[in-house]
Amino acid sequence: NSSVARYFDTMDYGPAPESDTDARQWLSRHAEGFGHFIGGRFTAASASAHFDTAEPATGQRLARIAQGSAQDVDAAVAAARGAQAAWMALGGHGRARHLYALARMVQRHARLLAVIEALDNGKPIRETRDLDVPLVVRHFYHHAGWAQLQEREFADQVPLGVIGQIIPWNFPLLMLAWKIAPALALGNTVVLKPAEFTPLSALLFAELAAEAGLPAGVLNVVTGDGATGAALVAHEGVDKIAFTGSTDVGRLIREATAGSGKSLTLELGGKSPFIVFDDADIDAAVEGVVDAIWFNQGQVCCAGSRLLLQEGIAADFIERLKRRMQSLRVGLPLDKAIDIGSLIDPSQLERVRSLVATGVREGAACYQPPGALPAGGSFFPPTLLTGVHPASTVTTEEIFGPVLVAMTFRTPDEAVALANNTRYGLAASVWSETIGLALGVAPQLQAGVVWVNATNLFDAGVGFGGYRESGYGREGGREGCYEYLKPRAWAGRKPRSAAAPAPAADEADKASATGALPTIDRTAKLFIGGKQVRPDGEQSQPVFSAAGHRLGEVGAGNRKDIRNAVAAARAAAGWSSATPHRRAQALYYLAENLSARSGEFAARLTSLTGIAACAAQAEVDAAVSRLFAYGAWADKYEGTVHVPPLRGVALATVEAIGVVGVVCPDEAPLLSFVSLLAPLLAMGNRTVVVPSERHPLIATDFYQVLETSDLPAGAVNLVTGPAAGLAQTLAEHDDVDALWAFGAKDLSRIAERLSIGNLKRTLVDHGLATDWHDGAAAEGPLFLRHATQVKNIWIPYGE
Ligand code: NAI
């Protein structure tokens, strides 16, 4: 026994460096500098402006990298465009073979890639070797499978075309894989811009991919800084931008692409809670914290950076955590025996330092384990801040470094409130040995990923992505595939034909005065919180028949009315927690009530739009059928149980988004209104709807259908009035979680551009007409997907 003790005592730390010979050889082959990788080969290194990158751990120069210009981006987009048709024509199996070959290629070069990544980023080789690279391999294998199954599983979808992808420096190769694997698998081609700090693994990957037979132009890499990224975002030949990075840049990109018709997904920052209940396995949870915040030096978008401890265990937990922090080793990335490497760059080091100093100034107690840090690089010790206030800077700002803040709570409700007290919503971790408690808390957390008794688990088959200001879109799994596809039925949409302008009010009045018919029958009010209310401005606007007669008036809603409607929708939270069965019943009942008044609605449609009686009847019938359809979907559009490669499951649950604004188009005014409202209701959203500006009476007639329904007050609110102005208020309102805008082209731009405040999700038509009678284009999963967000709840089990 004493010999064992002696053995342990002498097990002192000794560095175990990984060899960098191959990596240095590859770098020296490109000693004159890297070009961009366009059309299957490197451009001449001398052709562009250059900048140097440095090894974060030593500060020494590592490589000479080309600064991509607008011309370089243009050449890359042209190469991608040129390659796309043939890439698609390869078919699912053909592309599957290529993705499979990429997975094998990464496996063959695993060590080289792991070393390059550690040198370029400063992260421990242990992580690049055991996590980054294996996850990359798994991503390509998994998506080879989606390519193989595309024709069967996504038969009603087509690829988007050319994808511009912009990635950050924290997981350079893994983010490359997350971006390009689904895009390529499903028949798109790619222009990728890696982060300026870490371009090397992408350049190496592109070179190796070409050797592995990937056709020229399918994957292009243009290096450079934010200006290069901005040029890619602005390029007209790009069909979609997929971005991972800071929330600020995400906002800029949303603004820059607004109204352009480009699709956009954003994976942004986070301030994820790590919640420990008093019945948790404390030692396991302490180890979890290490993984949550000290993995990758805390430069992880989903890092568990806010530790929430139940009061009774807090002191003991902090004690054990501090002890564990003392054994974390900060060192050189290629040393296989270290836990924490270097931050990416002196600028990030400075940022982390100054945020910690702010925390201390604001009253936090700062703990850092003793011990010297390596000289030369951007090293920062593991750091714990206690005694922080929920509103202090370090609690609310993403630090993006190895810094944890700790707070306490008393009850589960308090834990949920604290956890959700952030503008982000990327991930959360819940620790409790009581299954009912953990699984009861998970659905209440506003986050795209929830880990139960675990943290930082990822898999290619399990979607990853945020709620709220953490962005929108998912990467991985089936939902990730949809981000690179569009419905076949939407692919050929044409711009709406400009409707004949509404008659000027005085002319129309003349027409009604000289015509025999009708007098103004009534002024329809707004419908807010289950009641008909007068518009705030006491203003109304006339509604004309197709023949130019004045049919009546509707309230002209304003900002205040929208705000009241949003408040009513917020308050109707019960609708979001109603069971799917109950929501289905409510939709069927709406259908029944509409059906009972079908003659009345058909006559109204005819007088409003001038369509023939039989066409009007067909529209009402279609609206009834659509309500039935979403009654049917309400309890059938469900989640999935994933089985990732670990002992456990990940439950992909679909959740309502919350409060959704809807702006309806003028065509088929009843059917389009129902087609947009019903999927949102079916999935448990509360809505603020602006009906067709031209034909609002069809929606105000609908009040009676709503009043006789069993929808709770506030689930549907209707504000009539000028569409553009009301869309603007909805887009700018921070309590609106998503906005759907159909109609004039300008509405799409307004919705996308003004939604950057809280980064609400948008669904817009860019002025392209939808055939509302065509079920493939106007009904079903494509709307349901936009009416929901997927939360993945990871539940590892067993020993
Ligand atoms: P960043 O968001 O500026 O960079 C991410 C990528 O976007 C890079 O490739 C960059 O060149 C590109 N980019 C920058 N400006 C652009 C523009 N206007 N248009 C198009 N592309 C543009 O992130 P940065 O500056 O490297 O890090 C700053 C902070 O962002 C970090 O401290 C951290 O808080 C956060 N961050 C979050 C990440 C995440 O995964 N959630 C990743 C990286 C940073």
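Order of appearance sets the numbers: ligands from 1, and atoms from 1 within every ligand.
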Give the atoms of ligand 1, by number and element, whose distance to some non-hydrogen atom of [X] is under 4.0 Å.
X      : answer
Gly245 : 2 (O), 37 (C), 38 (C), 39 (C), 41 (N), 42 (C)
Gly269 : 41 (N)
Gly229 : 19 (N), 20 (C), 21 (N)
Cys301 : 39 (C), 40 (O), 41 (N)
Pro168 : 42 (C), 43 (C)
Asp225 : 11 (O)
Ala195 : 9 (O)

If you measure from the Lys or Arg side-chain nitrogens to the Asp or Glu carboxylate oxygens, is any gap between [X] and [Y] under 4.0 Å?
X      : Y      : value
Arg474 : Glu267 : no
Asp52  : Arg61  : yes
Arg423 : Glu469 : yes
Asp239 : Lys486 : no
Asp737 : Arg761 : no
Arg254 : Glu752 : yes

Ignoring hydrogens, just give me the one of [options] whose non-hydrogen atom is nearest [atom].
atom                    : options                        : result
atom 18 (N) of ligand 1 : Leu252, Asp345, Ile166         : Leu252
atom 10 (C) of ligand 1 : Lys271, Glu255, Gln165, Glu196 : Glu196
atom 13 (N) of ligand 1 : Pro199, Gly226, Ala231         : Gly226

Identify the closest protein heavy atom to [atom]: which residue and atom is it, and at what distance?
atom                    : value
atom 25 (O) of ligand 1 : Trp169 NE1, 4.7 Å
atom 34 (O) of ligand 1 : Glu398 OE1, 3.2 Å
atom 32 (O) of ligand 1 : Gln348 NE2, 3.0 Å
atom 30 (O) of ligand 1 : Ser246 CB, 2.9 Å
atom 38 (C) of ligand 1 : Phe400 CZ, 3.3 Å
atom 16 (C) of ligand 1 : Val249 CG1, 3.5 Å

- Testing Asp248, Ile756, Val233 for side-chain contact (heavy atoms from CB on, under 4.5 Å) with Ile253, which one passes?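 In the set Asp248, Ile756, Val233, the residue that makes a side-chain contact (heavy atoms from CB on, under 4.5 Å) with Ile253 is Val233.
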- Of Asp132, Leu200, Thr128, Leu173, which meets side-chain contact (heavy atoms from CB on, under 4.5 Å) against Leu113?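 It is Leu173, the one option of Asp132, Leu200, Thr128, Leu173 that forms the side-chain contact (heavy atoms from CB on, under 4.5 Å) with Leu113.
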For [X], which part has a heavy atom under 4.0 Å from ligand 1: side chain, backbone, both, or neither?
X      : result
Leu232 : neither
Phe243 : side chain
Leu268 : backbone
Gln299 : neither
Ile399 : neither

Report yes if some N/O of [X] lies less than 3.5 Å from some N/O of ligand 1; otherwise report no.
X      : answer
Thr244 : no
Arg351 : yes
Ile167 : yes

- Would atom 4 (O) of ligand 1 count as contacted, meaning some protein heavy atom under 4.0 Å?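 There is no protein heavy atom less than 4.0 Å from atom 4 (O) of ligand 1.
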- Task: Answer yes if the side chains of Glu655 and Thr788 hold a donor-acceptor pair under 3.5 Å, and no otherwise.
- Result: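 The answer is no; no qualifying pair exists.
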Quick one: [atom1] on [X] to [atom2] on [Y], what's the gap to the nearest 0.5 Å?
X      : Y      : atom1 : atom2 : result
Leu192 : Phe205 : CG    : CZ    : 9.5 Å
Ile166 : Phe243 : CD1   : CZ    : 6.5 Å
Ser470 : Lys271 : OG    : NZ    : 12.0 Å
Leu307 : Met407 : CG    : CE    : 8.0 Å
Phe400 : Cys301 : CZ    : SG    : 6.0 Å

- Item | Arg306 charged N/C atom sitting above Phe274 aromatic ring, 6.0 Å / 45° |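 That pair does not qualify as a cation-pi contact.
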